[in-house]
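Down below is the structure, laid out as structure tokens.
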Amino acid sequence: AISIPGHRPLVFFMDDLQWADHASLSLLSSLVLESDHLNDDDEEGAHQSQLIVCSYRSNELDRSTELKTCLDTFEAAPSVRITSINLEGIDKSSTNKMISDTLKLPLRLTRSLANAVHTKSSGNPLFAKMFMVLLAEEKKLNYSLEEHRWQWDMDVVRNTTISEGVAVFMMAKLSRLPKVTFEALQVMACFGVKVDEDVLGLLSETEEFAALFTSLERAIQEGIIEKRNGNVFIFAHDTIQQSVYDFLPEDQMAELHFRIGLQLVKGLSTCEHRLSHSISFIAIDQINKAKDTDSASALSPQLKEVMTSLNLSAAELALDFADASSALSYVHNGFLFMGENSWEVAYKPCLRLHEAACLASYLNASPAGVSKYSGLIMEHARVLEDKIKASCVVIQTSASNGDTEGAINSGLDLL
């Protein structure tokens, strides 16, 4: 058991639930609803020693039908106690305390400014901070050396227009950055909200991305990104990352993913051994996002073999963690890079990909997938030993579906 009342309590936290994939929501549902595996204590009346905390943006709930269904199920479950906490914007008093602390001025002197900022930001702390930065950048909030304090004109503050929505506001700020800095941010945005310094360092060793670190310094100074724990670059807010990522048309962003992935793949031979494993997966994820581009199609046969191998490794690792959906995705991408006549020209990688697809289909509760991939293995396998793994999966599938006779026949067919 991973939770024992009075001995080993469990607190499980999942952030940004509105972006959760099917596997993550399945895990959450298992933790919440299938509580038997959390407690081996059979005492009558024993309580589960677990607290599951989830956060999500309520305004994006409609976009995730699966999440809404999941939450409705939790609400309806009699054994689950749900406590909902709605986080609203901060009030005028809290806004005033924040500004008073920032400007090092008494609350009575910042109250009128705080009221204007609160009205402009609707109580959104990030928006309030960005609006204050905008006032300073446009010289509407100035530090007086003579008075030794910050000063502002309330009429000017009230007349300062601010875009509706954080994303629009941030794009206005981003548009004022030097071109090289914005392009560096686009590279960083391809990895998501955060990226390890080692990954960017490997990229910066190439001619195309040589100025990456230098260009990002300006973004750090502007508060657009931060450097945490000494080696992680992270966007100040995920909305900023999304704004940067969405700036380029989809086809151009796909090409950028491809160039990043290709450079990382080429750099694998020179990076430290401790990094090669993680960077290989980062690299193939970048390449896979650009698999439909002309550049990906024009790869040399040698590089296509590398892409197939990386997808195969990623699929097998995903299976080790029982992540069947991701495994199938990597398998399908591996097939794309193999091309025609793969059973003849690349027998071993093709066999392993089909074996991974067969097992992933079983874990994904897809008998049709198991039948499809096992059938191809049986058709193309060169020796009996190459049929064993697929046959075992077919037997497991039949047994799981209550088809004992079918399981027995599959075993006999192998013999």
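As the structure is a prediction and not an experimental result, all values here were calculated from the model.
- Contacts classified as side-chain hydrogen bond (donor to acceptor under 3.5 Å, both in side chains) and involving residues 324-339 (residues at least two apart or in different chains) are given here: Asp285-Tyr330, Asp323-Ser326, His332-Tyr373.
- Separation of atoms CG (Asn96) and CG (Leu113) is listed at 8.5 Å; rounding is to 0.5 Å.
- Side chains of Gln263 and Glu205 form no contact here, defined as non-hydrogen atoms less than 4.5 Å apart.
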Candidate pair Asn364 and Ser361, rule side chain to side chain contact (heavy atoms under 4.5 Å, CB included), full reasoning: CA-CA 5 Å; Asn364 214 31; Ser361 296; 5.6 Å; no
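- Residue-environment remark: NZ (Lys389) stays at or below the threshold of 12 foreign heavy atoms within 6.0 Å.
- To the nearest 0.5 Å, atom CZ of residue Phe213 and atom OG of residue Ser215 are 11.0 Å apart.
- For the pair Asp155 and Lys140, the salt-bridge criterion is not met [side-chain N within less than 4.0 Å of a carboxylate O].
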Verdict with reasoning, Phe337 to Leu299, per side chain to side chain contact (heavy atoms under 4.5 Å, CB included): CA-CA 9 Å; Phe337 285 108; Leu299 282 173; 4.0 Å; yes
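- Checking side-chain atoms of Lys139 against main-chain N and O of Ala136 turns up no donor-acceptor pair under 3.5 Å.
- Ser112 and Trp152 make their closest contact through OG-NE1, 4.4 Å (heavy atoms, listed as atom of the first residue, atom of the second, distance).
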ring-ring contact (aromatic ring centres under 6.0 Å, His included) evaluation trace for His257 with Phe191: CA-CA 9 Å; His257 276 297; Phe191 296 98; 8.1 Å; no
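- Around atom CD of Glu138, more than 12 heavy atoms belonging to other residues, nucleotides or ligands sit under 6.0 Å away.
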Stepwise side chain to side chain donor-acceptor pair (under 3.5 Å) check, Asp21 with Ser24: CA-CA 5 Å; Asp21 57 13; Ser24 299; 2.7 Å; yes
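- Side-chain atoms of Thr160 and Phe131, non-hydrogen and from C-beta on, do get closer than 4.5 Å to each other.
- Rounded to the nearest 0.5 angstrom, Leu174 CG and Ile240 CD1 are separated by 7.0 Å.
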ring-ring contact (aromatic ring centres under 6.0 Å, His included) evaluation trace for His380 with Tyr347: CA-CA 9 Å; His380 295 281; Tyr347 175 76; 8.8 Å; no
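- By the neighbour-count criterion of 12 heavy atoms within 6.0 Å, atom CZ of Phe13 is densely surrounded, having more than that number from other residues, nucleotides or ligands.
- The shortest heavy-atom contact between Val157 and Ala116 is CG1-CB, 4.0 Å.
- A donor atom on one side chain and an acceptor atom on the other are found under 3.5 Å apart for Asn311 and Asn288.
- Few gaps surround NZ on Lys304; more than 12 heavy atoms of other groups in view lie less than 6.0 Å from it.
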Candidate pair Phe233 and Leu200, rule side chain to side chain contact (heavy atoms under 4.5 Å, CB included), full reasoning: CA-CA 9 Å; Phe233 287 84; Leu200 296 180; 3.7 Å; yes
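- Side-chain contact annotation: Ser121 with Asn124, donor-acceptor N/O pair under 3.5 Å absent.
- If you take CG on Leu310 and CZ on Phe281, they are separated by 8.0 Å, rounding to the nearest 0.5 Å.
- Listed here is the closest heavy atom pair of Thr95 and Ala114: CG2-O, 3.8 Å.
- Of all non-hydrogen atoms in Cys190 and Met253, the two that sit nearest each other are SG-SD, 3.5 Å.
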Step-by-step salt bridge (charged side-chain N to carboxylate O under 4.0 Å, His left out) determination, Glu222 to Arg176: CA-CA 11 Å; Glu222 294 287 339; Arg176 295 193 291 271; over 6 Å; no
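- In this model, no donor atom of one side chain and acceptor atom of the other lie less than 3.5 Å apart for Asp72 and Thr69.
- Shown here are the ring-ring contact (aromatic ring centres under 6.0 Å, His included) partners of Tyr143, two or more places apart in sequence or in another chain: Trp150.
- Contact annotation: the side chain of Thr110 never approaches that of Met98 to less than 4.5 Å [non-hydrogen atoms, C-beta and beyond].
- Within the model, atoms CD1 of Ile395 and OG of Ser398 stand 8.0 Å from one another, a figure rounded to the nearest 0.5 Å.
- Atom CG in Asp238 sits 9.5 Å away from atom OG in Ser243 (nearest 0.5 Å).
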